[in-house]
Colleague: 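Before anything else, here's the structure in question.
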Amino acid sequence: PEGWRVRTDVGEIDAGIILLATGAAEGLVGLPDTAASLMRLISPIRGQIGFVPGLKAEAVLRGRGLYVAPSGEGAVVGATMEAGRSDLEPDADAGRTLVAGGEGLIGRAIEGEIDWRVGIRGSTPDGLPMAGGSGDAGLFMALAPRRNGWLLGALAAQVVADHDERSAPRAHQVGEARPGVAVEVVRRLVEQRDARTPQPDAGDRHQHRLAAGQLAHPALEHVGSQS
């Protein structure tokens, strides 16, 4: 059967299905034209957050553009939304702004060492995620949820699984920014108010996972048959 071949610095991996979940990173070398053009629409949004050991926060406190939330043996103060930035070094000015805002929320000084962390979110022009088919058989996308990756992760996985294992029809196209990509988030949330759909047995799935940063410069190739 037809499939895909991923070429990496440690060898080749053949698979019938590939899921592109690469965040705001550049698209793989060798992507089909449609998928490559869609991935070029994704822009980075830099986010900075600080973990403060020992800081007591009984509940999540939200203010204009920031929050303080309990986290393990302390609390986090976050988070910035810096469109167009993809650098990963903590920004001192952004840190000072977050600390000042956090102090206003909790009503006292934030003291001690702060562990600043930076991540890059992916975003599309209309702010909606890409989830589902790419337009090429066996090539799927789960990309650009902005700051809602944890919230939408399970739903995006269900959308992809439906397209793979149930041969679901192409979902509504949301916005002209990405023709041919299934974006079902809003429709699914409405449907799931009244019913829950059965999930395929995860044991029936054969998967390869490439961890970000584990394999350098992977490239993708569509192949007519798998070895």
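The structure presented is a predicted model; accordingly, all values stated were derived computationally and were not measured.
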Colleague: Within this structure, what is the OG-CZ distance for the pair S43 and R121, rounded to the nearest 0.5 Å?
Modeller: 12.0 Å
Colleague: Output all residues satisfying side-chain hydrogen bond (donor to acceptor under 3.5 Å, both in side chains) with D93, sequence neighbours left out; order by chain, then residue number.
Modeller: R96
Colleague: When hydrophobic residues are tied together by side-chain contacts of less than 4.5 Å, even through go-betweens, does M81 share a cluster with L98?
Modeller: no
Colleague: Below 4.5 Å, heavy atoms only, C-beta onward: do I120 and L88 meet side chain to side chain?
Modeller: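 Contact flag for I120/L88 side chains = yes.
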Colleague: Partners of D87 by side-chain hydrogen bond (donor to acceptor under 3.5 Å, both in side chains), sequence neighbours excluded?
Modeller: R46, R85
Colleague: Is there a side-chain contact (heavy atoms from CB on, under 4.5 Å) between D14 and W4 once you walk through the steps?
Modeller: CA-CA 6 Å; D14 286 349; W4 299 90; over 6 Å; no
Colleague: Taking all atoms of both residues into account, what is the closest heavy-atom pair of P53 and E113, and its distance?
Modeller: CD-O, 3.3 Å
Colleague: Using the test salt bridge (Lys or Arg N to Asp or Glu O under 4.0 Å), find all partners of E221 that sit at least two apart in sequence or belong to another chain.
Modeller: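 Result, salt bridge (Lys or Arg N to Asp or Glu O under 4.0 Å) vs E221: R7.
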Colleague: Within a radius of less than 6.0 Å around CD of E12, do more than 12 heavy atoms belonging to other residues, nucleotides or ligands occur?
Modeller: yes
Colleague: Mind checking who shares a hydrophobic cluster with F51, ILVMFWY linked at side-chain heavy-atom distances under 4.5 Å?
Modeller: I49, Y67, V76
Colleague: Verify the cluster assignment for V118 and I114: are they in a single hydrophobic cluster under the rule of side-chain heavy atoms below 4.5 Å apart?
Modeller: no
Colleague: For the hydrophobic clusters of this structure (ILVMFWY residues joined by side-chain heavy atoms under 4.5 Å, transitively), does one cluster hold both L41 and L139?
Modeller: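 Looking at the clustering, L139 is in the same group as L41.
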Colleague: Between V60 and P70, is there a side-chain heavy-atom distance shorter than 4.5 Å?
Modeller: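 Side chain of P70 against side chain of V60, heavy atoms only: contact under 4.5 Å found.
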Colleague: Is a side-chain N or O of S71 found less than 3.5 angstrom from the main chain of G74, in a donor-acceptor match?
Modeller: no
Colleague: Specify the closest pair of heavy atoms between A57 and A75, including all atoms of both residues, with the distance to one decimal.
Modeller: CB-CB, 4.0 Å
Colleague: Please report the shortest heavy-atom distance between G122 and A24, naming the atom on each side.
Modeller: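 The pair with the smallest heavy-atom distance is CA-CB, 3.9 Å.
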Colleague: Using modelled atom types and a 3.5 Å cut-off, is there a donor and acceptor pairing between side-chain atoms of S134 and backbone atoms of M141?
Modeller: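 Not at all, since once roles are kept as given, no pair shorter than 3.5 Å links the two residues.
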Colleague: If hydrophobic clusters are built by linking Ile, Leu, Val, Met, Phe, Trp and Tyr wherever their side-chain heavy atoms come under 4.5 Å apart, do I45 and M39 end up in the same one?
Modeller: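 Result: no, two separate clusters.
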Colleague: So, do L20 and I18 sit near enough that their side-chain heavy atoms are less than 4.5 Å apart?
Modeller: yes
Colleague: Can you tell me how far CZ of R40 sits from CG of L31, rounded to the nearest 0.5 angstrom?
Modeller: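 Answer for the CG-CZ pair, L31 versus R40, is 9.5 Å.
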Colleague: How close do A94 and D91 get, heavy atom to heavy atom, and via which atoms?
Modeller: N-OD1, 3.0 Å
Colleague: Would a 4.5 Å heavy-atom cut-off, applied to side chains only, mark I42 and M130 as touching?
Modeller: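 Side-chain contact under 4.5 Å: yes.
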Colleague: With a 3.5 Å distance limit and no angle check, can you tell me whether T8 reaches the backbone of V10 through a side-chain donor-acceptor pair?
Modeller: yes
Colleague: Can you list, pair by pair, the side-chain donor-acceptor contacts under 3.5 Å of residues 101-110, counting residues two or more places apart and other chains?
Modeller:
residue, atom, partner, partner atom, Å
E103, OE2, I110, N, 2.9
R108, NH2, K56, O, 2.8

Colleague: Among residues at least two apart in sequence or on other chains, which ones pass side-chain hydrogen bond (donor to acceptor under 3.5 Å, both in side chains) with R64?
Modeller: none
